[in-house]
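Accompanying notes for the structure given below.
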Amino acid sequence: TPENASFRENVMTIATAVNRFVNFDGFTNEQLSVKLPSVEYQSKNVKEAIENLKNLSKELPNYEVNELQKKLFVEVKK
């Protein structure tokens with residue numbers, strides 16, 4: 001993940017790398033702006049890569065990632 005980037009920036013970086021659009025649902029601006037530490041990790045796919053970001057900060061809510069065509073839906077679990 002990029003150094004000192006927000007959750008939103010990390011998700012966008014991952015999505016852009018695989019030509020996907022992102023829709024965030026249920027997040028506050030504060031949650032989307034949470035700064036994450038820079039780490040390297042391997043993921044099987046884009047869904048797993050984005051879901052793994054939640055392990056980098058306790059300030060992030062529990063969320064899930066769903067993919068439909070070229071869109072990624074990142075949604076807070078209710």
Side-chain angles (χ1 to χ4, degrees):
T1 59
E3 193 164 333
N4 206 32
S6 69
F7 172 68
R8 181 196 322 253
E9 291 167 328
N10 276 280
V11 171
M12 298 305 289
T13 297
I14 294 166
T16 301
V18 293
N19 296 318
R20 296 290 184 271
F21 298 103
V22 179
N23 182 56
F24 293 97
D25 185 32
F27 290 89
T28 65
N29 283 333
E30 291 80 15
Q31 291 166 334
L32 292 172
S33 299
V34 167
K35 298 290 184 196
L36 300 179
S38 179
V39 297
E40 281 191 38
Y41 60 88
Q42 300 272 329
S43 298
K44 293 184 289 188
N45 54 50
V46 66
K47 181 179 187 303
E48 181 182 273
I50 294 171
E51 287 179 344
N52 283 339
L53 293 175
K54 72 179 92 169
N55 299 322
L56 300 179
S57 175
K58 293 181 190 234
E59 295 179 61
L60 292 173
N62 194 16
Y63 63 88
E64 62 188 359
V65 180
N66 295 296
E67 188 170 7
L68 181 62
Q69 296 169 353
K70 287 203 170 256
K71 250 196 171 160
L72 294 166
F73 296 89
V74 185
E75 302 168 306
V76 173
K77 286 187 178 178
K78 299 195 169 44

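- Remark: side-chain polar atoms of Arg8 are not paired, donor with acceptor, to backbone N or O of Ser6 under 3.5 angstrom.
- Side-chain atoms of Glu51 come within 3.5 Å of backbone N or O of Val65 as a donor-acceptor pair.
- Looking at Met12 and Phe24, their side chains come closer than 4.5 Å, going by heavy atoms from C-beta outward.
- Side chain of Lys54 to backbone of Tyr63: a donor-acceptor contact under 3.5 angstrom is found.
- Linking ILVMFWY residues whenever their side-chain heavy atoms come closer than 4.5 Å, directly or via other members, leaves Phe21 and Phe27 in distinct clusters.
- Taking CG of Asn52 as the reference point, atom CG of Asn10 lies at 12.0 Å (rounded to 0.5 Å).
- The cluster map of Ile, Leu, Val, Met, Phe, Trp and Tyr, joined by side-chain heavy atoms under 4.5 Å apart, puts Val22 and Phe73 in different clusters.
- Across Ser43 and Ala49, no two heavy atoms sit closer than the pair OG-CA, 3.3 Å.
- Atom-to-atom distance recorded for Leu56:CG and Lys35:NZ is 14.0 Å, nearest 0.5 angstrom.
- More than 12 heavy atoms of other residues, nucleotides or ligands lie within 6.0 Å of CD in Glu48, so this atom counts as buried by the packing criterion.
- Taken from CD in Glu9 to CD1 in Ile14, the straight-line distance is 12.0 Å, to the nearest 0.5 Å.
- Interatomic distance, Lys78 NZ to Glu75 CD, rounded to the nearest 0.5 Å: 7.0 Å.
- Counting non-hydrogen atoms of other residues, nucleotides and ligands closer than 6.0 Å to CG of Asn62 gives a total above 12.
- Tested against Leu36, the residues Leu53, Asn4, Asn55 include a single side-chain contact (heavy atoms from CB on, under 4.5 Å) partner, Leu53.
- The NZ atom of Lys44 sits 13.0 Å away from atom CD of Gln42, with the distance rounded to the nearest 0.5 Å.
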